[in-house]
Enquirer: 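Before I ask anything, let me first share the structure, which is written out below as structure tokens.
For ligands, and for the atoms within them, numbers begin at 1 and follow the listed sequence.
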Amino acid sequence: MKKIIIIGSGPAGLTAAIYGARDSFEILVIEGSQPGGQLTTTTIVENYPGFEEGVNGVELIQKMKKQAQKYGASFISESVKSVNFSQKPFKIVTNSSEYSADVVIIATGARSRSLELPNEKAFWGKGIHTCATCDGYFYKDKKVIVVGGGDSAMEEAGFLAKFAEKVMLIHRKNIFTASKILQERILNNPKIEAFWDTEIKEYLGKDRINAVKLINNKNNQESKMLIDGIFMAIGHIPNTEFLKNQLKLGKNNYIEPINNVYTEIKGVFVAGDVADWRYRQAITAAGFGCMAVLAAEKYLDER
Ligand code: NDP
């Protein structure tokens, strides 16, 4: 039985743990299958405030975890399989144990959809990225691909065009699903070229990606394109599967928070990318983590 259980150990969960433990609440963080979350798959993070020279994603997470442990937060590396929010205390079932808690903070994040091609894992962070705001700066005067045809792909392409020499927008259909205004902006940008009905067939390179093999899915014609990096913008999947039938989910299975961090269940709070398809930044997730635990503390105090 714990006072506050935080599910997830990215910047949202860890910030909640730091604040909660420092405020003398008993905190247990269930870290999940990828402790540290998406930040651990990036290399250098240059836009997290306070790190003038940038900071390695793994190191940033380790620092946050140590900071939470310093104030007494406990961690277990288990994955939550299901929850029962219909009873109090709430029940949380992991792959190996069961826990109860007065308060639960869901900070399980989201994962980027990928093309699932061979070599993808090896090139992840070494030429393959999922966030132009985070990693676009590294591609100043370089050639980059953006994959996708939705709003994110348009925004990523537009953002990258500020730095890159050229942006190739690769889309598997011959129409974008993005809003008209974003499409127009992109198609009128001289630095951006759209490739329709086109898919990446293979990643090429040794230590880093330096080219891709493309296929036109209408005429099966293959071609090679030399590039420096690829930004996937084919959607994200929030990690909400374990909440089935326990919490109402919104569009694309994201949690739709009430007043930023509350849910429809009293005592269940939410923070970070699992409830945020728009900003998806370490700093915004951390901010939501702080808000969620302060709301949780207030809820416990008032009880
Ligand atoms: P979407 O699901 O809207 O779009 C995903 C895109 O990726 C589609 O073009 C889809 O193509 C393509 N895609 C999916 N899987 C693959 C694959 N395996 N191979 C190749 N292409 C693939 O995701 P977004 O991240 O763009 O947007 C998510 C939500 O966030 C949407 O509701 C969007 O409106 C919103 N959003 C709004 C913004 C704004 O208002 N400024 C900015 C960013 C996002 P296909 O059509 O063929 O399936």
Side-chain angles (χ1 to χ4, degrees), residues 37-38 41-42 108-121 123-124 127-136 144-162 167-189 192-204 209 212-223 225 227 229-241 248-257 260 270 272-285 288:
Q38 294 176 88
T41 65
T42 59
T108 44
R111 54 192 191 274
S112 306
R113 222 178 256 144
S114 75
L115 296 177
E116 290 172 25
L117 292 174
N119 293 345
E120 199 157 62
K121 278 209 171 86
F123 287 131
W124 208 258
I128 300 182
H129 306 270
T130 55
C131 168
T133 312
C134 316
D135 301 325
V144 291
I145 281 177
V146 172
V147 188
D151 284 328
S152 296
M154 304 301 124
E155 286 204 336
E156 298 283 271
F159 185 84
L160 286 163
K162 292 183 199 160
V167 180
M168 280 74 66
L169 191 51
I170 306 282
H171 185 38
R172 64 183 176 182
K173 289 196 184 131
N174 64 357
I175 46 161
F176 292 139
T177 48
S179 60
K180 286 279 169 286
I181 183 153
L182 286 180
Q183 289 194 35
E184 271 166 28
R185 218 173 281 161
I186 290 316
L187 294 172
N188 288 330
N189 188 322
I192 302 173
E193 186 180 353
F195 291 74
W196 313 98
D197 300 316
T198 304
E199 295 174 40
I200 295 180
K201 197 175 171 201
E202 199 180 333
Y203 303 123
L204 304 170
I209 281 190
V212 288
K213 196 184 273 180
L214 299 173
I215 182 159
N216 180 306
N217 58 29
K218 283 271 150 69
N219 59 20
N220 286 331
Q221 207 168 356
E222 290 188 3
S223 58
M225 184 183 275
I227 45 110
I230 302 178
F231 286 79
M232 293 293 166
I234 58 174
H236 285 78
I237 306 165
N239 298 316
T240 49
E241 290 85 352
K248 208 170 72 204
L249 299 176
K251 194 176 164 198
N252 296 330
N253 290 327
Y254 280 84
I255 299 174
E256 280 181 358
N260 296 311
V270 63
D273 288 14
V274 71
D276 172 29
W277 53 264
R278 183 179 287 271
Y279 298 107
R280 300 194 301 250
Q281 300 299 302
I283 187 69
T284 50
F288 281 123

Enquirer: Please output the residues near ligand 1 using a strict heavy-atom distance under 4.0 Å, listed in chain and residue-number order.
Expert: Leu115, Gly148, Gly149, Gly150, Asp151, Ser152, Glu155, His171, Arg172, Lys173, Thr177, Ala233, Ile234, Gly235, Lys251, Trp277

Enquirer: Check whether any side-chain heavy atom of Asp273 sits under 4.5 Å from a side-chain heavy atom of His236, and report yes or no.
Expert: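 Sidechains of His236 and Asp273: no contact.
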
Enquirer: For a 4.5 angstrom cut-off between non-hydrogen side-chain atoms, does Ser152 reach Arg280?
Expert: yes

Enquirer: So do Asn217 and Thr198 actually touch side chain to side chain, heavy atoms under 4.5 Å?
Expert: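 Thr198 vs Asn217: side chains apart.
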
Enquirer: Heavy atoms, side chains only, cut-off 4.5 Å: are Glu202 and Leu117 in contact?
Expert: no

Enquirer: Name the orientation class of the two ring planes belonging to His171 and Trp196 (parallel below 30°, tilted from 30 to 60°, perpendicular beyond 60°).
Expert: perpendicular

Enquirer: Under the ring-ring contact (aromatic ring centres under 6.0 Å, His included) rule, collect the residues that match up with His129, sequence neighbours excluded.
Expert: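 Once residues adjacent in sequence are excluded, the partners of His129 under the ring-ring contact (aromatic ring centres under 6.0 Å, His included) criterion are Tyr139, Phe231.
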
